[in-house]
Amino acid sequence: MYIRVSLFGQLEGILDYQITQPSKFSNMVKKNPPNLELLLSIFFFFLCSWISLAMAQNKTIPVNVGVVLDDLNSRNGKIWLSCIKMALSDFYASHANYKTRLVLNTRDSKQNVVGAAKAAVDLIKNAEVQAILGPVTSMQAGFLINLGDQVHVPIISFSATSPSLNSLRSSYFFQFAQNDSSQVKALSAIVKAFGWRQVVPVYIDNEFGEGVIPFLTDALEEVDARVPYRSAISPSATDGQILEELYKLMTMQTRVFIVHMRTDLSSRLFAKAREIGMMTEGYVWLTTNGIPNELRYLNSSIISSMQGVLGIQTYVPQTVKLEEFMKRWKRQFQQDNPTIIDASLDVFGLWAYDSAFALAMAIEEVGTANFGFQKTNASFNSAVLESFEVSKYGPELCQALSTTRFEGIAGDFGLVDGQLQSTNYEIVNINGGGARGIGFWTPQNGLVKKLGSSANSIIFSTPKRKLGLGPIIWPGESFTVPKGWENPTDGKKLRIGVPVKDGFTELVKVTKDPSTNMTDVTGFSIDVFKAAVEMLPYALSYEFIPFAKSDGTSAGTYNDLVYQIYLGNFDAVVGDTTIRGNRSLYADFTMPYTESGVVMVVPVIDMRNQNAWVFLKPLTWDLWLTTSCFFLFIGFVVWVLEHRINEDFRGTPSHQVGTSVWFSFSTMVFSHRERVVSNLARFVMVIWVFVMLILSQSYTASLASLLTVQKLQPTVSDIKDVLRNGDNVGYAENTYIYELLKQVGFDDSKIKKFQSFEECDELLSKGSANGGISAVVDETPSMKLFLAKYCTKYTMIGPIFKAAGFGFAFPKRSPLIPDLSRAVLNVTEGEVIMNIENKWFSVEKNCVDNSNPKVASYSLGLASFWGLFLIAGVASILALIICVASFLHKHRHILMHPDDSRGSGWRRIRAMFKMFNEKELSSHMFKSPQHTESIAGASDEVNAAASSNNNLPESPRSYISNHADFAEQATPSTGQVSPEIVSAIDHEHAITIARTC
């Protein structure tokens with residue numbers, strides 16, 4: 001023992017010296033070759049290390065695990081088993097110090113559920129496995145999950161992808177494969193991107209196929225795509241049964257199919273589809289990842305029948321680790337199975353590798369204690385399981401598996417609620433001899449052309465625009481995106497229901513030739529539909545079917561007609577069908593092609609005034625009063641400005657008042673004969689004459705309108721007035737207007753229906769008092785037709801209710817709706833709709849547009865003229881202020897004379913007023929000889945009057961005669977008195993008047 005230790009010590013020192021000083025060690029070896037003792041030491045070192053390793057291996061803990069595969073002798077069975085074995089070999093090679101070692105116990109399920117159940121029972125009862133890898137199919141996994149729950153043995157499947165397995169809610173089932181529900185989002189994204197509205201899933205009729213359908217249907221509904229039919233094909237279906245189902249699909253309108261099945265059945269399906277012409281242009285075939293993932297196993301003849309198919313496959317990142325593994329696996333598999341040539345690995349093999357790797361990690365994490373089973377008091381659901389023992393470490397192993405995380409060869413490995421986390425999908429197009437990648441789908445960004453693209457590069461498109469994906473070759477080697485639907489190949493036409501009615505035939509009219517039994521449908525709505533169909537980029541075959549009884553009368557209301565689409569009796573409804581909320585529950589509508597709204601039509605009456613006092617109507621009372629006041633005001637202003645200098649405004653007080661009023665009122669007709677000589681008066685009159693011009697012209701126009709123009713006014717202007725008055729109201733038979741009137745509050749006895757325009761006119765003419773109606777309520781297009789005939793008798797009020805207008809009804813989510821809606825918009829925006837309206841809505845020549853009349857006063861009010869009156873008033877007041885200010889300034893010495901202390905203030909003011917009433921002798925109007933003579937004559941008269949009354953002061957003229965010294969200053973040439981003399985005379989005369997007063 002001592003020698004061995006010594007040798008080991010020497011060997012350890014030599015190895016340390018070699019590592020730390022490699023160059024010196026090499027020189028030492030050259031100078032001192034190793035002796036025999038050293039060589040023996042090295043030999044004994046490696047021998048002891050091998051013995052120690054063998055002893056350590058004897059101390060590892062074996063853990064039995066089961067493997068259940070469909071057919072161990074098949075290609076897939078051998079490939080998947082080899083991946084599991086290689087995973088364990090790689091795991092323990094890199095973790096040699098781990099104490100646990102998985103021992104595989106393989107069983108063959110014989111490709112059926114019973115075989116899988118038998119294999120699992122054998123593994124649990126006899127081999128006491130701690131976990132089971134498998135089974136392969138979802139149907140087999142369903143039973144094994146219940147068994148695992150009972151005995152606490154985890155069931156790990158790397159190939160069962162059905163979402164229905166999650167409904168079992170087992171904590172002992174782990175789905176180490178992508179759940180099929182994760183790929184439905186990718187499929188719905190493709191459907192949305194191309195704008196397809198109907199999709200038919202074609203799936204295998206078993207648990208694998210049925211499990212994904214609910215999720216696929218929900219995903220399609222989220223993108224407004226409908227599933228009108230589900231095609232389930234039995235796993236054991238014969239070629240004849242497959243052909244029968246394909247022929248059924250051909251008779252349908254939908255041309256978009258999603259195939260969800262394994263390659264053994266899908267290869268037969270596509271072969272038969274190509275045989276009957278369903279792989280030609282216009283068809284769309286999408287597949288789930290089950291087919292592209294196994295495409296490498298299919299022969300060329302099967303792939304040739306799938307040309308143009310668009311599918312998704314699980315995306316596996318191409319890493320160096322994966323490439324190295326693929327090389328090692330292919331080399332090892334070829335050595336173990338030399339008879340299998342050109343074997344390739346699919347994604348299920350990669351998941352099998354990662355599953356075994358994860359299971360080895362989890363078992364090591366549980367601990368190093370001996371794994372085993374123990375008796376339990378729990379009761380089992382089956383008598384067969386009564387003798388089973390329960391795994392002691394099952395819960396701990398489940399917990400360890402749930403938290404396992406590592407970088408697998410298929411990508412990041414991690415579980416969420418027992419399922420492998422969803423990863424990206426690659427969009428592939430099958431052409432030539434295989435699949436060609438054209439894009440990707442990621443849970444974060446949806447459809448993208450390249451991985452790593454931001455959310456801004458998400459692909460959006462319409463059926464008419466090419467996607468941002470790579471080039472797609474569709475079935476029939478077509479590069480044109482299929483629209484997703486076609487006319488059925490069985491020759492059926494669209495069965496279009498049309499309403500039957502007696503009145504309003506301009507909208508829809510159904511006539512039947514009794515000799516040929518042929519039905520002819522015409523009208524405004526029919527022409528609009530035909531024009532829209534002509535604008536479609538494809539031909540649409542249809543036939544009109546009247547919604548009538550055997551006797552030719554209407555079979556029901558418009559609601560009943562639309563409901564026939566839901567029942568499948570009609571493929572569409574064309575006519576004057578209003579878009580209503582309750583109808584949209586059973587059908588979808590195109591864009592409306594008419595005006596929206598519900599209106600009311602009522603009789604009109606002529607509101608022209610024919611009484612004796614109609615001449616007062618043009619102006620309101622406030623305007624009459626204001627005008628009268630301004631007449632008096634303007635007369636006063638002109639008198640103030642003119643009476644001192646204008647003989648026309650002088651005389652007795654009554655004469656002056658009459659003249660002023662006459663002058664002011666005569667300006668209304670511009671017949672005044674008095675002249676105005678003052679500039680201020682002229683300024684006022686210019687403005688006032690302008691005001692009178694505007695006012696008189698407006699009065700004349702308004703009076704002429706009242707006497708000559710016809711004033712048609714509605715008898716009522718609101719539906720509430722009809723209800724309040726208790727009058728009857730009418731509606732068209734079989735329309736929804738009856739429901740609206742009931743909601744307003746009309747009693748059934750007050751609601752009367754009519755079937756034609758003539759009957760409606762008769763009811764309105766009678767009136768509500770005579771058993772008729774006071775108003776009719778209907779939609780705008782119908783009432784426009786009515787007014788086109790009776791425009792002089794009735795008028796239209798409203799809309800009184802909102803409505804969406806007329807539209808064409810189709811089944812829910814019909815692919816025709818988007819195309820026809822665009823066509824309807826093109827029709828209504830162009831000249832086509834004008835030509836159709838002129839054809840059916842022609843208006844009589846004597847009809848005018850009298851819709852929506854407003855009940856209003858035709859009298860002119862003060863509000864329209866207050867600005868003119870304001871200007872006239874301001875100008876007049878301004879002229880008065882200037883006149884009075886000028887007079888006061890000129891005669892200020894009378895009020896402020898210092899020598900006259902006897903006169904009181906009141907006397908001075910009276911003197912000023914009397915002076916203001918006298919003529920202004922200094923005015924140019926009194927400077928002519930004629931005026932002088934008249935002044936002299938007037939003076940004589942005044943003097944004579946003064947002699948009879950000595951208390952009166954002398955007149956200005958007598959004062960001049962008695963004061964010769966002033967008279968001598970008169971101008972010899974003219975004989976006129978100078979202004980200075982007259983002013984002085986006026987001053988003295990004013991003082992005398994003040995003293996006398």
Side-chain angles (χ1 to χ4, degrees), residues 183-202 216 219-220 223-225 249 254-260 263 266-267 269-270 273-274 277-296 298 300 302-315 424-442 445-453 457-486 537-538 815 818-819:
Q183 61 182 322
V184 299
K185 295 292 185 181
L187 291 169
S188 64
I190 296 175
V191 172
K192 179 182 179 181
F194 287 103
W196 298 317
R197 289 292 177 264
Q198 286 189 350
V199 179
V200 173
V202 183
L216 179 61
L220 291 174
V223 296
D224 294 330
L249 297 179
T254 306
R255 290 293 179 265
V256 182
F257 308 104
I258 295 180
V259 181
H260 178 63
T263 54
S266 65
S267 58
L269 174 73
F270 285 114
R274 185 179 66 170
M278 294 185 69
M279 299 300 297
T280 57
E281 185 177 357
Y283 284 89
V284 178
W285 293 91
L286 305 177
T287 68
T288 56
N289 62 352
I291 297 174
N293 286 346
E294 301 180 10
L295 195 65
R296 58 176 59 87
L298 304 179
S300 58
I302 296 176
I303 295 178
S304 64
S305 66
M306 301 173 60
Q307 299 297 300
V309 173
L310 202 63
I312 61 174
Q313 68 179 15
T314 304
Y315 174 72
N424 305 327
Y425 287 99
E426 184 178 9
I427 314 299
V428 296
N429 186 207
I430 299 177
N431 294 116
R436 173 176 50 87
I438 59 173
F440 298 89
W441 180 87
T442 65
N445 295 330
L447 287 176
V448 292
K449 189 172 184 179
K450 294 181 180 179
L451 285 178
S453 302
S457 63
I458 297 176
I459 300 168
F460 297 97
S461 72
T462 65
K464 306 300 180 186
R465 182 168 62 86
K466 192 175 180 179
L467 277 174
L469 296 170
I472 302 175
I473 302 177
W474 301 96
E477 298 183 355
S478 173
F479 289 92
T480 304
V481 177
K483 62 177 178 290
W485 67 276
E486 295 286 350
Y538 45 84
D819 292 342

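Note that these values count all heavy atoms, side chains included, but never hydrogens, waters or copies made by symmetry. Note that this is a predicted model, so its numbers are computed, not measured.
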Given Met306 and Ser266, is the side-chain contact (heavy atoms from CB on, under 4.5 Å) satisfied, shown in steps? CA-CA 10 Å; Met306 301 173 60; Ser266 65; 5.7 Å; no
Nearest heavy-atom neighbours spanning Ala186 and Ile312: CB-CD1, 4.1 Å
How long is the span from the CZ atom in Phe440 to the CD atom in Glu426, to the nearest 0.5 Å? 4.5 Å
What are the two closest non-hydrogen atoms of Pro292 and Val428, and how far apart are they? CB-CG2, 4.2 Å
Do side-chain atoms of Gln183 reach the backbone of Asn289 as a donor and acceptor pair under 3.5 angstrom? yes
Nearest heavy-atom neighbours spanning Gln313 and Asn293: CB-OD1, 3.2 Å
Has the side chain of Ser267 got a donor or acceptor atom that lies under 3.5 Å from a matching backbone atom of Thr263? yes
What orientation do Phe257 and Trp285 show, parallel under 30°, tilted 30 to 60°, or perpendicular over 60°? tilted
Going through the distances and angles, do Trp474 and Thr480 end up as a side-chain contact (heavy atoms from CB on, under 4.5 Å)? CA-CA 7 Å; Trp474 301 96; Thr480 304; 5.9 Å; no
When rounded to the nearest 0.5 angstrom, what distance separates CG in Leu310 from OG1 in Thr287? 8.0 Å
Heavy-atom closest contact (Ile303 atom, Gly434 atom, distance): CG2-N, 4.1 Å
Given side chains that start at C-beta, do those of Leu286 and Val199 come closer than 4.5 Å, heavy atoms only? no
Thr288 and His260: which non-hydrogen atoms are nearest, and at how many Å? OG1-ND1, 2.9 Å
Between CD1 on residue Ile438 and CD1 on residue Ile472, distance to nearest 0.5 Å: 4.0 Å
Looking at Trp196 and Pro482, would you say the former's side chain and the latter's main chain have a donor-acceptor pair under 3.5 Å? yes
Take Ile291 and Phe270 through the test side-chain contact (heavy atoms from CB on, under 4.5 Å) and record every step on the way to the result. CA-CA 11 Å; Ile291 297 174; Phe270 285 114; 4.2 Å; yes
Nearest 0.5 angstrom please: Asn424 CG to Leu451 CG, how far? 5.5 Å
Could you measure the distance from the NZ atom of Lys185 to the CG atom of Leu220? Nearest 0.5 Å is fine. 10.0 Å
Mind checking what makes side-chain hydrogen bond (donor to acceptor under 3.5 Å, both in side chains) contact with Thr254, not counting sequence neighbours? Gln198
What's the shortest heavy-atom distance between Met279 and Gln307, and which atoms? CE-O, 3.7 Å
Roughly how far apart are Arg255 CZ and Glu281 CD, rounded to 0.5 Å? 13.0 Å
Expected output: side-chain Trp441 to main-chain Ile190 donor-acceptor under 3.5 Å: no
Just by modelled atom types, is the Arg436 backbone N or O under 3.5 Å from a matching donor or acceptor in the Asn431 side chain? no
Can you check whether Ala435's main-chain N or O pairs, donor with acceptor, with Asn429's side chain at less than 3.5 Å? no
